[in-house]
Amino acid sequence: MKKPYSFFWSKLALKELLNNRRFSIFFLFNLALGLAGFIALDSFKESLDIHLGKNSQAILGADLALTSYVPIDDKTLGNLESIFPENTMSTQKISLFTMVASKKRSVLVQVTGIGEKYPFYGKMVLRESGKVIPEMVLQNLDFKKDAWIYPELLLMLNINEGENIDIGETSFRVIDSVIDDPSSSMSSFGFAPRIYLGLNKIEETGLLSKKSRVSYQYLYRFPKGTELKVLVENLRGKIQKFDDSFSKIRVRTHKRAANSLGRVLGYLNDYLGLIALIAVFLAGIGAAYLFRNYLVHRFQEMSILMSLGATRQQTYRMVLWQLVFLGTAAALISIIFSLGILPLLELLLENFLPRGFETNVNLSSLVFALILGSIGSLVFCLPVLTRIHSVQPLMLLRKNNGNHGSETLILRQTLSYFPLIILSWILSVWQSQSFIVGSAFVGMLFCSVLLLGSMSWIILMFAGKLSQTSGNTIKRLAFRNLQRNRAGAISCFVALSLGTLLINLIPQIYQGLQEEISRPADFRIPSLFLFDIQTEQIEPLKNLLADNKMNLNYISPMVRARLEKVNGRKYKSDFNEGLSTRERQREQGFRMRTLNLSYRTKLSDSENIVEGRKLAGNYDWNSDMPAEVSLEERFAERMGLKLGDFLEFNVHEVPISAKVINLRKVKWNSFQPNFFILFQPGVLDDAPATYLASMGGLDRLERMNYQNLIVQEYPNISVIDVTRTVERILKISDQMVLALRFMAYLSIMAGLVVVFSIARHEVQGRLWELNLLKVLGAKFNDIQKMIQIEFAILGICAGLFGVGVSLIMSYGIAWWFFENLWKWTWQTSLASVIGVTTLSVIVAWIATRKTLKSSPLNLLRSS
Amino acid sequence: MLLEINKLYKSFKQADHGKIDVLKNINLEIHEGETVAVVGQSGSGKSTLLSLMAGLDRQTTGSLRLRDKEISEMSEANLTQFRAKNIGIIFQQFYLMPHLTALENVSLPLEMFGYEDYIFRAKEALEHVSLSDREKHFPNQLSGGESQRVAIARAIVTRPSILLADEPTGNLDNETGIQVANLLFDLVKTTGMTMLLVTHNTEMAGRCSRQMTLQYGTFQ
């Protein structure tokens with residue numbers, strides 16, 4: 001006998017799919033929706049990464065920077081630069097914070113001296129002269145005492161372009177204002193506006209004395225193809241060998257500059273990744289469930305084929321063809337669909353996204369979606385596919401579905417889950433970019449499946465008992481149906497509850513994030529921040545403002561110190577570039593800082609203790625006990641400090657010991673003067689301190705007037721107008737809340753489609769039986785009631801257990817992904833249970849109604 | 001000798017770990033061109049015997065040889081091929097593929113084994129069962145009698161050595177049943193095909209060259 005022509009089995013498979021249009025459309029829709037979500041979210045996430053990658057060079061203005069608080073001498077610099085490739089370009093940048101003054105006012109600014117080639121990347125744009133080119137730096141800033149300033153300084157200093165300002169010992173002419181500065185990306189919510197000078201002219205200000213904290217940056221642009229990582233390692237190796245102040249030279253790459261963009265983007269990135277993953281899992285569950293029902297109804301046709309001479313392998317092949325057809329078609333549809341969604345995402349997050357952000361469809365996402373669609377759907381349906389092995393042509397004569405309970409079949413079924421577990425694991429690790437987090441997510445998901453399966457078994461056993469004791473015929477029938485159709489009911493229950501779990505997971509996590517990002521309830525937008533207030537100036541300043549009917553808010557002392565020892569051992573900054581997670585790099589940054597200490601009698605309304613007890617009252621210097629200190633919890637985590645640790649600070653050369661008594665949580669967007677380290681009162685009261693405070697609720701004119709008033713009376717006080725910065729941050733956080741909410745709704749919608757598909761197919765499977773009941777004379781109402789009871793039980797139980805498990809899982813995810821930002825909202829949980837139950841009952845009602853209305857003859861024929 | 005059955009036994013395990021003998025010491029010889037009817041009450045083992053002859057199930061003990069080949073010794077793959085070439089089966093419930101037209105249903109076994117003239121032969125088979133005008137109709141557009149005629153055409157299209165028919169008129173009304181039976185016997189006569197017919201219908205059984213009565217798993 002010959003073999004059939006090449007496309008025989010694929011043609012037959014396609015014909016069968018076309019004949020089962022309803023299944024094919026539902027399967028396609030379900031899978032395409034999940035994959036489209038995956039592509040859109042993954043591409044968006046990738047676009048964000050690419051954008052940050054590009055921007056990171058612009059933020060740093062170079063590929064690599066050597067940073068030091070002292071100028072690096074030529075010999076040392078030559079030593080370091082000796083390992084750079086040929087054709088490396090270099091320039092320099094010097095920055096410091098200082099007060100500058102016009103004839104009328106003085107303001108705290110960041111003065112930056114730049115070399116002629118700055119910046120290597122990104123473009124700096126001036127209002128009058130346009131894009132900055134090297135000649136402009138040379139001609140304007142290097143040769144003349146000219147300055148480019150941020151536009152707000154014109155207002156703050158009450159000057160016009162062309163007028164002079166005093167910076168240190170020298171007077172500079174303001175010739176233009178900077179309207180676009182790539183280095184002031186969204187990462188730098190710095191309050192101080194900038195002034196650009198020529199590199200040699202900053203030296204003439206006399207501000208580069210040893211007393212000032214000056215940052216010297218040596219910037220480099222390398223030829224294409226330079227291995228930055230190797231270069232950085234070699235540089236670090238050289239720097240470690242220095243034993244003088246140059247051992248503190250920091251190597252900063254553009255990648256680190258991008259990674260320090262902050263938690264806000266990090267959260268959004270992880271959240272998008274999580275939703276993309278959940279979209280795929282939801283689609284997979286829906287697809288596997290739909291396919292299971294489809295396949296069960298195809299068993300008879302497979303038997304016919306086998307009786308006509310088809311081998312089991314050929315039957316398998318036909319089903320595989322069908323899955324590949326559907327999966328690939330779904331992937332292609334999803335690719336087209338996602339191209340439509342992406343611009344929507346961009347539009348929605350327009351204000352939130354960094355300037356110049358472009359959403360690009362990620363080719364790897366498309367390829368991955370294609371693989372997921374074709375191979376992924378095979379893997380998701382593999383446990384169902386193994387059931388083909390029980391199909392025998394004999395069932396055509398005996399009406400028996402084969403030996404379901406054989407040990408080989410059970411073993412085969414169990415083994416068929418392994419590819420699914422492996423694929424899920426790879427997907428999770430790839431999405432989370434973390435072996436531990438990805439494994440934890442998949443582990444939690446599969447434990448949930450096992451737990452839900454066991455729960456459903458118990459519930460069905462209970463339903464079986466109820467079917468014997470319930471007096472009402474309809475209820476008895478409903479309970480018996482559930483118990484009798486155990487395999488179907490368990491898979492329906494697990495699929496529904498897993499759907500509920502995933503649906504509930506996103507809003508649950510969203511609540512935690514939203515809580516973190518949204519504005520505090522008692523929020524008052526600050527207008528002015530006041531720094532460097534001396535102790536003796538506090539009362540007169542208060543009185544001055546009171547005379548003008550204005551209050552000074554959140555007056556907080558600030559004492560500079562350095563952490564010297566922890567539990568008696570010298571504290572090390574422990575810098576290591578090799579560990580390049582976002583969290584690790586933040587931690588490194590934190591550890592190097594000079595710390596600001598403060599003290600308060602009570603906590604502000606934007607902070608609360610999460611571990612430990614309240615700080616005691618005034619410290620008694622005669623006691624042997626160490627002082628008590630409170631740490632912000634994330635700060636403590638990054639510094640490697642914990643409750644009960646003994647810390648020794650160097651406060652202006654005076655050693656002060658303290659014990660960590662509690663850890664606090666602080667709302668980062670409260671815009672109140674918050675401190676990482678708070679001492680109990682009485683310890684730092686006599687230490688040299690400056691105060692900071694804020695003033696709120698001022699319009700533009702009032703802000704200018706108060707700035708003038710304070711600066712005239714107290715020239716040493718720096719008054720910064722923070723309105724624009726605060727509004728910018730608030731806008732970002734509001735947009736982010738909106739984005740999170742949108743994503744949550746999107747995932748709920750996708751989940752409901754899956755729940756609908758599952759419920760609908762479960763009812764479809766019962767049509768013949770319903771028709772029989774109808775023919776036997778059962779009342780329509782009774783039939784509907786019976787089905788509704790069944791689906792209400794399935795819906796409520798699936799909803800309750802799904803929500804229960806999702807709470808545990810969301811807590812785990814919040815802990816792994818989002819620094820424990822978890823908050824239970826009973827409203828979401830209740831809505832999930834009600835939503836799933838209602839949807840199940842409504843779908844069952846619609847489907848039974850249609851059946852009851854149709855002619856029994858048609859249904860018997862179709863069966 | 002086309003088919004030879006010797007001391008054939010078939011038992012099934014029971015839920016209580018016991019066993020039930022459905023067929024006991026079956027001996028049967030069928031020659032080429034013969035038409036044999038197996039009659040008996042429900043549960044007598046008729047369908048089980050048919051499933052063994054069709055190679056859909058395996059006997060517990062005994063021998064079953066078709067064209068001098070022992071069916072029980074064949075591997076699953078060889079048996080599938082052997083069945084496709086030598087055995088045509090007609091079921092009581094027709095079992096047509098719902099998504100294929102009448103012509104496609106008939107040509108299916110031919111296509112499966114790469115016959116190049118599958119369309120011609122399928123059309124010819126449909127002509128034999130007088131359904132040439134229905135070749136583009138799907139099963140749900142055909143009556144019961146027409147569906148069974150398509151199933152008969154599908155069973156004979158590969159020109160098998162033996163045709164096994166399981167209550168071929170059992171799902172049809174009396175008049176249609178007679179029409180289908182006439183068609184089946186005419187076809188067998190004109191093609192010289194061997195047929196084993198399992199039926200309750202004594203009239204139909206009477207039209208076969210030999211009748212065997214199965215009772216409690218043995219031939220009377």
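So that the names make sense, note that chain A is the first sequence line, chain B the second, and so on, each numbered from 1. Side chains are part of it too, since the values below use all heavy atoms of this structure and drop only hydrogens, waters and symmetry mates.
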Using non-hydrogen atoms and a 4.5 Å limit, figure out which bit of [X] sits close to chain A: side chain, backbone, both or neither.
X	answer
B:Leu100	side chain
B:Asp166	side chain
B:Glu104	side chain

Minimum heavy-atom distance between [X] and [Y], given as atom pair plus value:
X	Y	value
A:Phe8	B:Leu108	CZ-CD1, 3.6 Å
A:Gly309	B:Ala84	CA-CB, 3.6 Å
A:Ser307	B:Ile89	O-CD1, 4.3 Å
B:Pro98	A:Glu301	CG-OE2, 3.1 Å

| message | Can you tell me which portion of A:Leu12 sits under 4.5 Å from chain B's heavy atoms? Options are side chain, backbone, both or neither. | response |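 Contact with chain B involves both backbone and side-chain atoms of A:Leu12.
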| Which atoms of A:Leu305 approach chain B - backbone, side chain, both or neither, heavy atom under 4.5 Å |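 Both the backbone and the side chain of A:Leu305 come within 4.5 Å of chain B.
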| More than 12 non-hydrogen atoms from neighbouring residues, nucleotides or ligands closer than 6.0 Å to CG on B:Asn174, yes or no? |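 Open.
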| said: Heavy-atom count check: over 12 atoms from other residues, nucleotides or ligands less than 6.0 Å from B:Phe138 CZ? | reply: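 Atom CZ in B:Phe138 is packed in, count exceeds 12.
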| task | Give the member of A:Lys15, A:Met306, A:Gln313 that has the highest number of heavy-atom pairs under 4.5 Å with chain B. | result |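 The option with the most such pairs is A:Lys15.
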